[in-house]
Visitor: 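Okay, here's the structure, questions in a sec.
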Amino acid sequence: LQCLLTSAGSLVSKPAIMAEVWPDTHVQPDNVKVLVREIRQALGDDPRTPTYIKSAPGRGYAFVAPVSDGGRPGAPDTNSVFGSFVKVWPYNLSFTLNHYTYGFEEAGVENAYRNSLTMAAWCALIGALLTFAGAYWLEKTRGADLVRPIVRLQAMLPMAIPGLVLGIGYILFFNHPANPLNVLYGTMGILVLSTIVHFYSSSHLTAVTALKQLDNEFESVSASLKVPFYKTFWRVTLPICTPALVDIARYFFINAMTTISAVVFLYSPDTKVASIAILNLDEAGEIGAAAACAVLIAAGSTVATLLFMAL
């Protein structure tokens, strides 16, 4: 279909189709006929009165329907939603829920989506707590002057490392048989860890900014009055910084739902997430099911955002 769409309105010979679809592979010309028949069935096209694909007996095929770019530039989300509810976007626009049923019943989208929600929830919880604790230690405590610059550097380093490089680095480190942490490889734990590290820098800056808004004398006054630091933290620091903490949790959740770059190297069949399922469905030619999975991710992220805003 892609071969015919590339030359829409023009006749494409069978040898040209075979050369593009099966490069460096010997196939019988009848294979082209079989594939064209399957495409026609998917599009609801009648070869006697063709709407999409017209045959030229002994010569080849031509895609004769009008071809557009699939919608207005800048509106891919609308196209994804619409494409998940039609049979073949943008050629057969009749309503269907087959893409959702196929994704849940045959393509494993249900488990992938559940894994995404699980990973995102853990990233939001652990990531927010870890980020805020690290920022609090850097900004509101004293001592360990030699260690602090190293910790600050480590906190900002993930911003300079692409997710693909991070994923490959995790493979080389955690997949080594001699590494005692090898047990994490292929588990949900390594997905959560890599995602938190991947998006740590921006969250760290948010937490630091929130803590810098507090007067540095809070801790000193509390210490002079012999008030334990944890009471000051619980009664003063945490209530003031709660909006920032919620924003950090939301940031981790949304990015965990959509991330691909690092987790694509680290998932296993049992821990495949929805963003990876979209890639697999797209590679398999199931564009509608991939769009349906994308809609589910967007819907879950929207609900989560509303819940975080309500906190």
Side-chain angles (χ1 to χ4, degrees), residues 119-174 176 179-181 184-185 187-220 222 229-230 232-234 236-266 273 275 301 304-305 308 311:
M119 183 181 77
W122 280 114
C123 286
L125 177 61
I126 299 176
L129 294 178
L130 182 63
T131 302
F132 193 78
Y136 183 85
W137 180 78
L138 286 173
E139 298 298 326
K140 297 298 181 180
T141 61
R142 300 290 181 268
D145 294 336
L146 296 178
V147 178
R148 289 176 183 274
I150 300 176
V151 175
R152 293 183 192 276
L153 175 63
Q154 292 293 327
M156 301 308 300
L157 195 59
M159 187 175 289
I161 301 177
L164 292 174
V165 176
L166 186 66
I168 294 174
Y170 272 56
I171 290 177
L172 298 176
F173 179 77
F174 286 96
H176 196 283
N179 189 343
L181 298 177
L184 288 176
Y185 191 76
T187 66
M188 182 62 69
I190 196 172
L191 298 184
V192 172
L193 177 62
S194 67
T195 303
I196 291 175
V197 172
H198 188 192
F199 299 105
Y200 186 88
S201 297
S202 297
S203 303
H204 174 77
L205 291 175
T206 302
V208 167
T209 301
L211 289 168
K212 284 183 177 295
Q213 295 176 356
L214 298 176
D215 195 316
N216 292 328
E217 298 302 321
F218 274 130
E219 285 74 19
S220 300
S222 298
F229 82 94
Y230 60 86
T232 304
F233 176 83
W234 185 258
V236 179
T237 306
L238 189 59
I240 294 176
C241 294
T242 295
L245 195 60
V246 172
D247 284 340
I248 292 172
R250 179 177 60 180
Y251 174 79
F252 274 117
F253 188 96
I254 301 303
N255 281 282
M257 287 292 292
T258 58
T259 185
I260 295 177
S261 53
V263 299
V264 72
F265 296 104
L266 304 173
V273 293
S275 57
S301 299
T305 299
F308 279 116
L311 292 178

Visitor: Within this structure, what is the CD1-OG1 distance for the pair I190 and T195, rounded to the nearest 0.5 Å?
Guide: 10.0 Å
Visitor: Say you draw a straight line from CG of N255 to CZ of F199; how long is it, rounded to the nearest 0.5 Å?
Guide: 4.0 Å
Visitor: Where do T258 and S275 come nearest, in terms of heavy atoms and distance?
Guide: O-CB, 4.1 Å
Visitor: Heavy atoms, side chains only, cut-off 4.5 Å: are F265 and L164 in contact?
Guide: yes
Visitor: Give the minimum heavy-atom separation between Y136 and F233, together with the two atoms involved.
Guide: CE1-CD1, 3.5 Å
Visitor: Taking C-beta and beyond as the side chain, do Q154 and V151 meet within less than 4.5 Å on heavy atoms?
Guide: no
Visitor: If you measure from CG on L125 to CZ on F252, what distance do you get to the nearest 0.5 Å?
Guide: 11.0 Å
Visitor: If you draw a 6.0 Å radius around CH2 in W137, do more than 12 non-hydrogen atoms from other residues or ligands fall strictly inside?
Guide: yes
Visitor: Check step by step if side chain to side chain contact (heavy atoms under 4.5 Å, CB included) holds for T259 and H198.
Guide: CA-CA 10 Å; T259 185; H198 188 192; 4.0 Å; yes
Visitor: I need the L238 CG to T242 OG1 distance, nearest 0.5 Å.
Guide: 4.5 Å
Visitor: Does some side-chain heavy atom of T237 sit less than 4.5 Å from a side-chain heavy atom of K140?
Guide: no
Visitor: State, with a plain yes or no, whether a side-chain heavy atom of P158 is found less than 4.5 Å away from one of H204.
Guide: no
Visitor: Yes or no on side chain to side chain contact (heavy atoms under 4.5 Å, CB included) for I254 and F308, after CA distance, side-chain angles and deciding distance?
Guide: CA-CA 11 Å; I254 301 303; F308 279 116; over 6 Å; no
Visitor: What are the two closest non-hydrogen atoms of R148 and L138, and how far apart are they?
Guide: NH1-O, 2.9 Å
Visitor: Which distance, rounded to the nearest 0.5 Å, do you find between the CG of L211 and the CZ of F132?
Guide: 4.5 Å
Visitor: Would C241 and L214 satisfy side chain to side chain contact (heavy atoms under 4.5 Å, CB included), going step by step from the backbone distance to the final call?
Guide: CA-CA 9 Å; C241 294; L214 298 176; 4.1 Å; yes
Visitor: In the structure I gave you, are the side-chain heavy atoms of Y185 and N179 within less than 4.5 Å of one another anywhere?
Guide: no
Visitor: Do Q213 and I240 come close enough that some side-chain heavy atom pair is under 4.5 Å?
Guide: no
Visitor: Do Y251 and T206 make a side-chain contact, defined as non-hydrogen atoms from C-beta onward lying under 4.5 Å apart?
Guide: no
Visitor: Using every non-hydrogen atom in the two residues, find where A244 and A210 come nearest and quote the distance to one decimal.
Guide: CB-CB, 3.6 Å
Visitor: Would you say that more than 12 heavy atoms from the other residues, nucleotides or ligands in this model lie under 6.0 Å from the CG of L153, or not?
Guide: yes
Visitor: If you compare all heavy atoms of K212 against all heavy atoms of E139, which two are closest, and at what distance to 0.1 Å?
Guide: NZ-OE1, 3.3 Å
Visitor: If you compare all heavy atoms of A135 against all heavy atoms of V208, which two are closest, and at what distance to 0.1 Å?
Guide: CB-CG2, 3.9 Å
Visitor: Roughly how far, to the nearest 0.5 Å, is CG of L181 from OH of Y170?
Guide: 11.0 Å
